[in-house]
Amino acid sequence: MNYVITIARGFGSGGKDIGMRLSEKLGIPCYDRQILTMASDRSGIDESIFVETDEKLRGKHIANFLRRVPVTGVLEPSEKDFVSDVNVFNIQAELIRSLAKTESCIIIGKCADDILRNYPNVISLYIEAPRAACVKSIMDKMKVPEKRAHQLISSTDKYRAKYYNYYTGGKDWTNPTNYDLVLNSDRIGRDKCVQMIIEFIKVKFGSDVI
């Protein structure tokens, strides 16, 4: 069987890094930015639009992000809202569902846990770390001062939370009940997070899956 690991993460918690390490250990692809390129190739919509809406709401949506998004299919190129935020999201969601049906992979962000919530072959993770650990991680990785790291964490987590809330019909991104497994990457370290996830895969799907 194929299986999918979705990773939601606080900014600076190392969620993407853990996903990449897990990808190497398991020998399966880890999709993050690649989802945007693939969705652009599939739809013909310029990749810059996918980048602009990557886990973000554009201006017109921010005031009313709490309203329930209508569940609609992907629009045809001739339709007026073909490049709207909702259609761009739906194109990505369709691609994520297609991946879940056809291959084993890891998907970072993109509301993948909610998009695939009814798929039995999916494990959803949320990775977080204390603010001090996230700040240090961002300072080291992005070479920015402490104040800027705090600003980046606040702004990124805020827009990710609004995006998740909008496209999941009002769910709280940080609610642990949304996920199968929640890990504090600072408490045990990133490599041990990878070990724990691998053990969890074996527990859920059987050791012969890996």
Asks: Taking the side chain as every heavy atom from C-beta outward, state whether Ser185 and Ile18 have any pair of such atoms under 4.5 Å apart.
Replies: yes
Asks: Report the residues that fulfil salt bridge (Lys or Arg N to Asp or Glu O under 4.0 Å) with Asp157, sequence neighbours left out, ordered by chain and then residue number.
Replies: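 For Asp157 there are no salt bridge (Lys or Arg N to Asp or Glu O under 4.0 Å) partners, ignoring immediate neighbours.
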Asks: Only pairs at least two apart or in different chains count here, so list each ring pair (Phe, Tyr, Trp, His ring centres under 6.0 Å) that has a residue in residues 100-127.
Replies: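 As it turns out, the ring pair (Phe, Tyr, Trp, His ring centres under 6.0 Å) pairs with a partner in residues 100-127, which skip direct neighbours, are Tyr126-Trp173, Tyr126-Tyr179.
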Asks: Rounded to the nearest 0.5 Å, how far does CD of Gln92 lie from SG of Cys111?
Replies: 9.5 Å
Asks: Only one of Asp113, Asp172, Asn175 forms a side chain to side chain donor-acceptor pair (under 3.5 Å) with Tyr164, so which one is it?
Replies: Asp113
Asks: Only pairs at least two apart or in different chains count here, so list each ring pair (Phe, Tyr, Trp, His ring centres under 6.0 Å) that has a residue in residues 90-114.
Replies: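 For residues 90-114: none.
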Asks: Linking I/L/V/M/F/W/Y whenever their side-chain heavy atoms sit closer than 4.5 Å, directly or via other members, would Ile108 and Val122 fall into one cluster?
Replies: no
Asks: Would you check if there is a donor-acceptor pair between the side chains of Thr37 and Arg42 at a distance under 3.5 Å?
Replies: no
Asks: So does Lys16 have more than 12 non-hydrogen atoms from other groups sitting under 6.0 Å from NZ?
Replies: no
Asks: If I take atom SG from residue Cys134 and atom CD1 from residue Ile153, how far apart are they, to the nearest 0.5 angstrom?
Replies: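 Between Cys134 SG and Ile153 CD1, I get 5.0 Å after rounding to 0.5 Å.
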Asks: Looking at CE of Met20 and CG of Leu22, how far apart are the two atoms once the value is rounded to the nearest 0.5 Å?
Replies: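 It is 10.5 Å, given to the nearest 0.5 Å.
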Asks: For a 4.5 angstrom cut-off between non-hydrogen side-chain atoms, does Phe89 reach Thr53?
Replies: no
Asks: Can you pull the ring pair (Phe, Tyr, Trp, His ring centres under 6.0 Å) pairs that have at least one residue in residues 191-210, sequence neighbours excluded?
Replies: none
Asks: Okay, side chain of Ser40, backbone of Leu36: is any donor-acceptor separation there less than 3.5 Å?
Replies: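 Between the backbone of Leu36 and the side chain of Ser40 there is no qualifying donor-acceptor contact (under 3.5 Å).
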Asks: What heavy-atom pair brings Leu99 and Cys105 nearest, and what distance separates the two atoms?
Replies: CB-SG, 4.3 Å
Asks: Can you establish whether the number of heavy atoms outside Lys136 located under 6.0 Å from its atom NZ is more than 12?
Replies: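 No, the 6.0 Å shell around NZ holds no more than 12 heavy atoms from other groups.
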Asks: Could you give the distance from CD1 (Ile5) to OG (Ser104), rounded to the nearest 0.5 Å?
Replies: 8.5 Å
Asks: Do Glu128 and Ser13 have a side chain donor and acceptor closer than 3.5 Å?
Replies: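 Looking only at side-chain atoms, Ser13 and Glu128 do not form any donor-acceptor pair under 3.5 Å.
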Asks: Is the closest side-chain heavy-atom distance between Val209 and Tyr3 below 4.5 Å?
Replies: yes
Asks: Who clusters with Tyr159? Use side-chain heavy atoms, under 4.5 angstrom, across I, L, V, M, F, W and Y, and order the result by chain and number.
Replies: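 In the cluster with Tyr159 there is nothing else; it is isolated.
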Asks: Supply the atom-to-atom distance Arg131 CZ to Phe11 CZ, rounded to the nearest 0.5 angstrom.
Replies: 11.0 Å
Asks: I would like to know whether Lys110 and Asp54 meet salt bridge (Lys or Arg N to Asp or Glu O under 4.0 Å); could you show each step before the answer?
Replies: CA-CA 7 Å; Lys110 315 287 185 289; Asp54 184 24; 3.3 Å; yes
Asks: Heavy-atom count check: over 12 atoms from other residues, nucleotides or ligands less than 6.0 Å from Gln151 CD?
Replies: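 More than 12 heavy atoms, drawn from other residues, nucleotides or ligands, come within 6.0 Å of this atom.
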Asks: Whether the Thr102 and Arg97 side chains hold a donor-acceptor pair (N or O, under 3.5 Å, no angle test) is what I'd like checked.
Replies: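 No, Arg97 and Thr102 have no side-chain donor paired with an acceptor closer than 3.5 Å.
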Asks: List the atom pairs, donor and acceptor, that lie under 3.5 Å between side-chain atoms in residues 191-198 and the rest of the protein, sequence neighbours left out.
Replies:
residue, atom, partner, partner atom, Å
Asp191, OD1, Arg21, NH1, 2.7

